[in-house]
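From a predicted model like this one, the values you see are computed outputs, not experimental measurements.
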Amino acid sequence: MKSGLVVIALLLAFGSGATAQEKPAAKSAMPAQVEAHVRKLWEAFKNKDKPTLSALLDDRFRIFEEGLTSIGDKKTEVNAVDDFELLNYTLSDFTVKSIAPNAALVTYIAQYEGKSGGEVSKGKSVFGEVWIGAGGNWKDFYMQETYVK
């Protein structure tokens with residue numbers, strides 16, 4: 001009985017010592033990095049900065065916007081700045097979730113005003129995007145826009 005108590009006491013001592021020395025996992029910087037890249041992408045679109053916009057989109061990029069009949073690609077999105085002038089925008093309610101190593105699902109709300117063909121339009125949409133990255137170099141892989149009424 002005494003030897004059993006000694007073993008339990010030793011296990012408790014070693015167990016509590018190991019726990020005291022464990023450090024909490026550092027919070028990942030990934031959500032902030034990805035959100036910054038999303039904001040940079042919107043700013044590049046607003047400024048019609050095709051080189052930056054292109055650099056933020058993966059070569060396999062795909063986009064689907066509500067109301068369209070086909071899926072767009074990187075070339076379509078980069079050239080969209082020629083047809084749509086983004087006048088102003090507000091991004092809010094960001095959620096960034098890791099879905100795999102170097103992959104994140106991003107959701108947010110965008111309120112924006114733009115001009116196309118001389119007509120001004122306003123919109124509010126929920127965006128869902130998949131971003132992939134390596135070494136902090138994040139690229140948009142997939143984008144889905146859903147209008148909010």
Side-chain angles (χ1 to χ4, degrees), residues 10-149:
L10 286 172
L11 288 173
L12 288 172
F14 285 120
S16 65
T19 304
Q21 291 178 359
E22 289 177 10
K23 295 183 180 177
K27 190 173 181 180
S28 172
M30 182 264 295
Q33 289 176 344
V34 174
E35 181 179 335
H37 278 75
V38 171
R39 291 181 182 283
K40 187 175 180 181
L41 185 141
W42 276 80
E43 199 60 22
F45 195 98
K46 182 178 183 241
N47 294 329
K48 299 184 179 284
D49 181 353
K50 287 184 177 184
T52 300
L53 187 57
S54 182
L56 290 166
L57 301 176
D58 187 80
D59 289 340
R60 300 163 292 172
F61 176 78
R62 306 287 279 170
I63 181 170
F64 188 78
E65 296 177 60
E66 188 172 343
L68 296 183
T69 58
S70 63
I71 295 174
D73 59 10
K74 181 176 180 173
K75 182 179 176 183
T76 303
E77 185 65 8
V78 171
N79 289 328
V81 301
D82 295 333
D83 299 324
F84 185 78
E85 182 180 356
L86 182 60
L87 301 171
N88 59 65
Y89 64 92
T90 303
L91 307 179
S92 64
D93 299 322
F94 271 89
T95 302
V96 180
K97 303 264 185 195
S98 177
I99 56 175
N102 298 315
L105 173 63
V106 183
T107 58
Y108 59 94
I109 296 173
Q111 290 186 286
Y112 55 90
E113 182 177 18
K115 189 166 39 171
S116 180
E119 291 190 36
V120 175
S121 62
K122 294 182 180 186
K124 181 176 182 181
S125 297
V126 173
F127 281 81
E129 301 179 15
V130 176
W131 284 73
I132 56 176
N137 186 21
W138 290 91
K139 293 187 180 237
D140 198 348
F141 182 75
Y142 178 79
M143 180 186 291
Q144 172 93 34
E145 179 181 9
T146 304
Y147 301 134
V148 176
K149 293 182 181 183

### Query
So which pairs with a foot in residues 67-97 pass ring-ring contact (aromatic ring centres under 6.0 Å, His included), sequence neighbours left out?
Trp42-Tyr89, Phe94-Tyr108

#### Entry: Nearest-0.5 Å distance that lies between atom NZ in Lys40 and atom CD in Glu43
11.5 Å

### Query
Distance from Asn102 atom CG to Trp138 atom CH2, nearest 0.5 Å?
5.5 Å

### Flag, side chain of Gln144 to backbone of Gly128, donor-acceptor distance under 3.5 Å
no

### Task
Please lay out, stage by stage, how Val106 and Val96 fare under the test side chain to side chain contact (heavy atoms under 4.5 Å, CB included).
CA-CA 5 Å; Val106 183; Val96 180; 4.2 Å; yes

#### Entry: Criterion side chain to side chain contact (heavy atoms under 4.5 Å, CB included) on Thr107 and Thr95, from CA distance to verdict
CA-CA 5 Å; Thr107 58; Thr95 302; 3.4 Å; yes

### Message
With a 4.5 Å cut-off on side-chain heavy atoms, are Lys122 and Glu113 touching?
### Response
yes

### Task
Using the test side-chain hydrogen bond (donor to acceptor under 3.5 Å, both in side chains), find all partners of Glu85 that sit at least two apart in sequence or belong to another chain.
none

### Query
Residues in side-chain hydrogen bond (donor to acceptor under 3.5 Å, both in side chains) with Asp59, at least two apart?
Lys74

### Query
Under 4.5 Å between any side-chain heavy atoms of Ile71 and Ile63, yes or no?
no

### Glu119 atom CD: more than 12 heavy-atom contacts under 6.0 Å
no

### Query
Quick one: NZ on Lys97 to CG on Leu105, what's the gap to the nearest 0.5 Å?
9.0 Å

Just list the side-chain donor-acceptor pairs under 3.5 Å for residues 75-82, sequence neighbours left out, or say none.
| from | atom 1 | to | atom 2 | distance (Å) |
| --- | --- | --- | --- | --- |
| Thr76 | OG1 | Asp73 | OD1 | 2.8 |
| Asn79 | OD1 | Lys50 | NZ | 3.3 |
| Asn79 | ND2 | Lys75 | O | 3.2 |
| Asp82 | OD1 | Lys50 | NZ | 3.2 |
| Asp82 | OD2 | Lys50 | NZ | 2.9 |

### Query
Any side-chain heavy atom of Leu57 within less than 4.5 Å of one from Asp140?
yes

### Task
Evaluate the side chain to side chain contact (heavy atoms under 4.5 Å, CB included) criterion for residues Glu129 and Met143: first the C-alpha distance (whole Å), next the side-chain angles of each, then the deciding distance (0.1 Å), finally the verdict.
CA-CA 4 Å; Glu129 301 179 15; Met143 180 186 291; 3.5 Å; yes

### Message
Any heavy-atom pair between the side chains of Phe61 and Lys139 that's under 4.5 Å?
### Response
no

#### Entry: Polar side-chain atom of Tyr112 near backbone of Leu86 as donor-acceptor pair, under 3.5 Å
no

### Task
State the CZ-OG1 distance between Phe45 and Thr52, to the nearest 0.5 angstrom.
13.5 Å

### Message
Whether Glu35 and Arg39 form a salt bridge (side-chain N of Lys/Arg under 4.0 Å from carboxylate O of Asp/Glu) is what I want to check.
### Response
yes

#### Entry: Thr90 side chain to Gln111 backbone, donor-acceptor under 3.5 Å
no

### Message
Taking side chain to side chain contact (heavy atoms under 4.5 Å, CB included) as the definition, give me every residue that meets it alongside Ile109, ordered by chain and number, with sequence neighbours left out.
### Response
Ser92, Asp93, Lys124, Val126

### Task
Tell me, yes or no, whether the heavy-atom count around Lys48 atom NZ, taken from other residues, nucleotides or ligands under 6.0 Å, exceeds 12.
yes

### Query
Who passes side-chain hydrogen bond (donor to acceptor under 3.5 Å, both in side chains) against Ser121, sequence neighbours left out?
none

### Task
Kindly determine whether Lys149 and Tyr147 satisfy side chain to side chain contact (heavy atoms under 4.5 Å, CB included), including the steps that lead there.
CA-CA 6 Å; Lys149 293 182 181 183; Tyr147 301 134; 5.8 Å; no

## Note on the structure
For Ala104 and Val34 the tightest heavy-atom approach is CB-CG2, 4.4 Å

### Query
Which atoms form the tightest heavy-atom contact between Leu91 and Ala110, and what is the distance?
CD2-CB, 3.6 Å

